[in-house]
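The structure presented is a predicted model; accordingly, all values stated were derived computationally and were not measured.
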Number of protein chains: 2
Amino acid sequence: MTTDRAAVTSLEEPSPDATRDAIADGIDRGALVTVFGRCTVDYEGRASSRLGAGDRLILCKPDGATLVHTDEGQQPVNWQPPGCEQEVYCDGGDVVLESARSTPEERLLVRFRDVLQVSAFAGSDETELTLSGTEADLRQRILDEPSLLEPEFRPLATERDTSAGAVDIYGEDAAGRAVVVELKRRRVGPDAVSQLRRYVDALAGDLHADVAVRGILVAPSVTDRADRLLSEHGLEFVSLEPTPETGCDD
Amino acid sequence: MTTDRAAVTSLEEPSPDATRDAIADGIDRGALVTVFGRCTVDYEGRASSRLGAGDRLILCKPDGATLVHTDEGQQPVNWQPPGCEQEVYCDGGDVVLESARSTPEERLLVRFRDVLQVSAFAGSDETELTLSGTEADLRQRILDEPSLLEPEFRPLATERDTSAGAVDIYGEDAAGRAVVVELKRRRVGPDAVSQLRRYVDALAGDLHADVAVRGILVAPSVTDRADRLLSEHGLEFVSLEPTPETGCDD
DNA sequence: AAATGTATATCGGAC
DNA sequence: GTCCGATGTACATTT
């Protein structure tokens, strides 16, 4: 998408040769190429998969990503990540699209029996997404107002390194005890509790054998099983959302 | 995609009214609709995001999913999951596509300044993907040949329930000790060790306070930190892949 | 390139 | 519906 003015080239029910050329040209020009048609899909790599004939929409992006979408689901039924090399050729009456990479070695093969439309889109997209309501927002909320966690909490570091990995927020409580804070932007299950536990254990070991380390999980809410795990391991929970709740007085 | 014969309807540089009608008709007919054009995107729900003007490809699936794809990345820059309600209308010279759902309440708003192509694809896709190299394959491998885990291992149950959740494989070793097996299809980090530890602790508690329970992690390999965690907690590791390695004598 | 943790993760299964 | 764990998770970040 490097041209100033967006442009589309599109063919309907093209011949195999025309399809191959249109896909190859689109890729060469750095366009986003779509193909709709009846195809089979084979994948071999981290796992392996086979998909029989059906009508699907294929996207080939200029960064080397390929997506095979059916009429259902948010996720592609098959794909190849950015950075892959594409190859397109005719085989018998079929058009074959191959996408491959190494590290890890993997290969996607889409074989089209019939192509109903092939399009190439060239445009420009300079804009970046701005996103809020993330874990980073939750961290900033606490750093801005540490009393949200508890009175007299003092943050000392973010991403503090321990032998078990980096702790989201490290600080001290009113009594000067070490506090490990694990942040989650949404309701959490057992995983998050185990993660917090690893950090607390590691920090206790890193500091001294007999130093008490508190662990506080911060999230909007926890599941029952996570709550039980927190209790079993002497960990604490503070309910907090990434962004302040909108007031009721609007 | 309910028609026997695949069909495409497509418009290039359509007017706003024609765009709105083409999108609405495609959705009504249960087609997979694509729109390429210059648009802004706003999302509000589990998080919130804003995306300025740029040329993008939008997919509207008959199951209610919406995807906004730029020319980069495997993932859509914005999306809405299956089950959403779509609405399309003109506002000034723009065409607006709204996609919303409740539980959780979230809303996606795509505002098109210019549309270069709108297409509706109707087809059929009865085929299911067959995938191999999954965790289920790894489990079956061990059930078929328990000695892959260790000599005289006896599987007793899969998905055995404990107070911490279901264990992948539960069995006994040669000495009659309880064994908890956690399976992973690929190289694992600290998460998997914590998960295994939760199950071992829970099962030990569920059975009796003084019963020894072995925990074995089965995966192709482990990271250094995970290996250290395994040692610290007296857990074991067996290297095994979901599918047998291809021999060297081919 | 490998490791680690987040995600508007998505998805499927169990309850 | 919620909960829980798998995923060819993808992705950014750091080492």
Practice problem: Please check if the side chain of A:R46 supplies one atom and the backbone of A:P104 the other of a donor-acceptor pair under 3.5 Å. | Solution: no
Exercise. Starting from P on C:dA1, measure out to CZ on B:R187 and report it in whole angstrom.
Key: 15 Å
Pairwise [atom1] distance for [N] and [M], with rounding to whole Å:
N	M	atom1	result
D:dA6	D:dA10	C1'	15 Å
C:dT4	C:dT8	P	23 Å
C:dC11	D:dC11	P	15 Å

Extract all donor-acceptor atom pairs below 3.5 Å that involve side chains of residues 193-207 of chain B and protein atoms in other chains or at least two apart in sequence.
{"unit_1": "B:S194", "atom_1": "OG", "unit_2": "A:R198", "atom_2": "NH1", "d": "2.8"}
{"unit_1": "B:Q195", "atom_1": "OE1", "unit_2": "B:K184", "atom_2": "NZ", "d": "3.1"}
{"unit_1": "B:Q195", "atom_1": "NE2", "unit_2": "B:E182", "atom_2": "OE2", "d": "3.4"}
{"unit_1": "B:Q195", "atom_1": "NE2", "unit_2": "B:Y199", "atom_2": "OH", "d": "3.3"}
{"unit_1": "B:R197", "atom_1": "NH1", "unit_2": "B:H233", "atom_2": "NE2", "d": "3.2"}
{"unit_1": "B:R198", "atom_1": "NH1", "unit_2": "A:S194", "atom_2": "OG", "d": "2.8"}
{"unit_1": "B:R198", "atom_1": "NH2", "unit_2": "A:D191", "atom_2": "OD1", "d": "3.2"}
{"unit_1": "B:D206", "atom_1": "OD1", "unit_2": "B:S163", "atom_2": "OG", "d": "3.0"}
{"unit_1": "B:D206", "atom_1": "OD2", "unit_2": "B:S163", "atom_2": "N", "d": "3.0"}

Exercise. Identify the 5'-most and 3'-most nucleotides of DNA chain D with at least one atom closer than 4.0 Å to a non-hydrogen atom of chain A.
Key: D:dC3 to D:dC11
Not counting sequence neighbours, which residues clear side-chain contact (heavy atoms from CB on, under 4.5 Å) with [X]? List them please.
X	result
B:I27	B:I23, B:V33, B:Q86
A:S48	A:E44, B:S132
A:R107	A:E98, A:A100
A:P155	A:L143, A:P146, A:F153, A:I169

Can you list, pair by pair, the side-chain donor-acceptor contacts under 3.5 Å of residues 77-85 of chain B, counting residues two or more places apart and other chains?
{"unit_1": "B:N78", "atom_1": "ND2", "unit_2": "B:S49", "atom_2": "OG", "d": "3.2"}
{"unit_1": "B:Q80", "atom_1": "NE2", "unit_2": "B:S99", "atom_2": "O", "d": "2.8"}
{"unit_1": "B:Q80", "atom_1": "NE2", "unit_2": "B:E106", "atom_2": "O", "d": "3.4"}

Self-check item: Carboxylate-amine/guanidinium proximity below 4.0 Å for A:D42 and A:R50
Solution: yes
Exercise. Describe the nucleic acid contact of A:A164 in one word from base, sugar-phosphate, nothing, applying a heavy-atom distance below 4.0 Å.
Key: sugar-phosphate
Practice problem: Give one of base, sugar-phosphate or nothing for B:R198, where a contact means two heavy atoms less than 4.0 Å apart. | Solution: sugar-phosphate
Practice problem: For DNA chain D, determine which residues of residues 214-232 of chain A have any heavy atom closer than 4.0 angstrom to one of its atoms, and list them numerically. | Solution: A:T223, A:R225
Exercise. List in chain and number order the residues that pass salt bridge (charged side-chain N to carboxylate O under 4.0 Å, His left out) with B:R186, two or more places apart in sequence or in another chain; answer none if no residue qualifies.
Key: none
Self-check item: Letter per nucleotide, 5' to 3', of nucleotides 6-15 of chain C [B base touched, S only sugar-phosphate touched, - untouched; heavy atoms, 4.0 Å]
Solution: SSBSSS----
Self-check item: Pairwise salt bridge (Lys or Arg N to Asp or Glu O under 4.0 Å) hits with a residue in residues 213-234 of chain A, at least two apart
Solution: A:E150-A:R214, A:D173-A:R214, A:R214-A:E236
Exercise. Only pairs at least two apart or in different chains count here, so list each salt bridge (Lys or Arg N to Asp or Glu O under 4.0 Å) that has a residue in residues 132-141 of chain B.
Key: B:R139-B:E159
